[in-house]
Amino acid sequence: MHDKAFPRAELDARLAAVRQRMARADLDALLISVPENIYYLTGLDHWGFFACHLLLLPREGTPALVARRMERITVENQLDGVDFHGHADTEEPADYVLRLLAEQRLQSARLGMEKRSLFLTPRIAEQIQAGAAAAQWRDCSGLIDELRLVKSPLEQAYTRRAAAAADAGTLAAIEALVDGASDYEVSAACHAAMIRAGSEYPGFGPFIRPTRRLGEEHTTWCGDVFRNGDAAFLEIGAAYRKYQAPMGRLVYLGSAPRGAEASAELAGRGMRAICDALKPGVTAGAVYQAWQDVADGAGLRDYRRHHCGYLVGIGFPPSWTGGSMVTSLQPGSERVLQAGMVFHVHSWFTNTEVADFFISNTVLLTGDGAQILTANTPQSLLLR
C-alpha cells in the first residue's frame, strides 16, 4: 500500500480553503492543471505528470481527475475521494472534461482554468473552451498557488527532512572534489549521499560545474575534470514528499584567489542580513534591500541581483520552484511575508571587483524569525 503523504483531514482543509476562494471569486468549478496543485489537493505523487492531468473541482461535490487510462492503478492506490476518468492515448483529454461538464451541468457555468501551467497545452485549453463556449471562462492561475506559500507543521517537517538530505549531498560533493575528479564522480557522490539520507527525486538535479561555466545558470555535469586552482559551483536540492530544499556553495580546489576570504566574509554578512530582515509582516522588497545594503556598504554600489531568494515548497520536475513562475525576494516587491513560508535564500557575489563567492540556504520563516535548515555545511571559505 502506498504511504500517503497527507492525512485526510489536511487534504479536506485544503479543499475547503480553495472552495472558499472559489466562492469569493464567484466560480462554480475550477479546472486545475498544475501538477503541484493537484498533488496539494489529492496527494497524487508520480512521474506521470509529464502528460496533462486535469482535476475538475466543483464548488460542491466530488473532484474528478482526467488523465491517461494507464494511471488508474496509481490513482486507486494513492487517492481517496476523487473520481478517475482515464482516456486512451488515441483520445482527447478535452473530450472527457467536456463530458464531465455536461454531466455536472456546468456547460454554462462560471469556470476557472489554470492557464499558467507547463502541462496544459494551448491545444487542450482551446478544445475545452470551444466545446464549452457558453461558459464564462476565467484565468485562475495563482488561486491555489497562493495557498501553498504558507506551510503547515507537517509540510515544515517534510522540508526539514529534505534539507537534511541536501546537506548530506552537498557535503559528499565537497568531499569528492579533488584534483583530477570528474564532475560525473562528484555528481554520483552527491546523488548517492542525498538519496541515502532520505531524498526522493528533486525538482532539479544537482547543478555541479566549474566556475568557467559559472554564468550558465542552468547547466550541470557534462564531463569536466576539476583541477587545482579551479572553483566548483555546487547548487543542490533534495526533496522529501515533493517538498524541495535547495542550497549552494562555492568551493575552491588547491588554492583560492586573492581576496576570496574577504568575499566569503561578505557573502556571510549578506546571508545574515537577509535572515535578520526575514520577519513576519515585512515585505519581500525590504528583505532584498537588506542584502543590497551589504553590497553597497562593501563598495559594490553598481552591483545588482534580480533577487536574493525565492519561495520554495512542493516541486515536480523540471523545477524546484513549484512551477514555471518564481516568487522572489526582489527589489521593490510589496509581497508581505508570513510565518510558515520557506525560501531558497542567496548571498551571491560573482563577476564583481571582489573574488567570486556565494552561499545559499533553505530558510524557514517562523514566528520568531528566520531559521536556516541547511546549516550543517560550512558557510565560510571552502578550500579542498
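Both backbone and side-chain heavy atoms feed into the values below; hydrogens, waters and symmetry mates do not.
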Going by distance alone, is a donor N or O of one side chain under 3.5 Å from an acceptor N or O of the other, for Arg249 and Thr377? no
Arg209 and Asp230: salt bridge (Lys or Arg N to Asp or Glu O under 4.0 Å), yes or no, with the steps? CA-CA 10 Å; Arg209 58 184 182 268; Asp230 287 343; over 6 Å; no
Considering only NZ, NE, NH1 and NH2 on the basic side and carboxylate oxygens on the acidic side, decide whether Asp3 and Arg241 come within less than 4.0 Å. yes
Quick one about Asp368 and Thr366 (side-chain donor to acceptor, distance below 3.5 Å, no hydrogens or angles considered), yes or no? no
Would you call Glu91 and Arg69 a salt bridge, taking side-chain N to carboxylate O under 4.0 Å as the test? yes
Side chains of Ser347 and Trp291 only: does a donor on one sit below 3.5 Å from an acceptor on the other? yes
Just one of Phe357, Phe358, Tyr310 clears the ring pair (Phe, Tyr, Trp, His ring centres under 6.0 Å) bar with His346, so which one? Tyr310
Does the Lys NZ or Arg CZ of Arg99 fall within the cation-pi geometry relative to Tyr96 - under 6.0 Å from the ring centre and within 45° of the axis? yes
Using the ring of each side chain (for Trp, its six-membered ring), is Phe316 parallel, tilted or perpendicular to Tyr201, with breaks at 30° and 60°? tilted
So that I can tick it off, tell me whether Asp26 and Arg110 are bridged by a salt bridge, with the cut-off set at under 4.0 angstrom between side-chain N and carboxylate O. yes
Ser33: side-chain hydrogen bond (donor to acceptor under 3.5 Å, both in side chains) partners, not counting sequence neighbours: Ser117
Determine whether the aromatic ring centres of residues Phe49 and Phe119 are separated by less than 6.0 angstrom. no
Ring-face cation contact, Tyr40 with Arg14, 6.0 Å cut, 45° max: yes
Taking C-beta and beyond as the side chain, do Arg123 and Glu92 meet within less than 4.5 Å on heavy atoms? yes
Using the ring pair (Phe, Tyr, Trp, His ring centres under 6.0 Å) rule, take Phe6 and Tyr39 through it: C-alpha gap first, then chi angles, then the decisive distance, then the call. CA-CA 10 Å; Phe6 308 113; Tyr39 174 71; 5.2 Å; yes
Under 3.5 Å, is there a donor-acceptor pair between the Gln371 and Arg160 side chains? yes
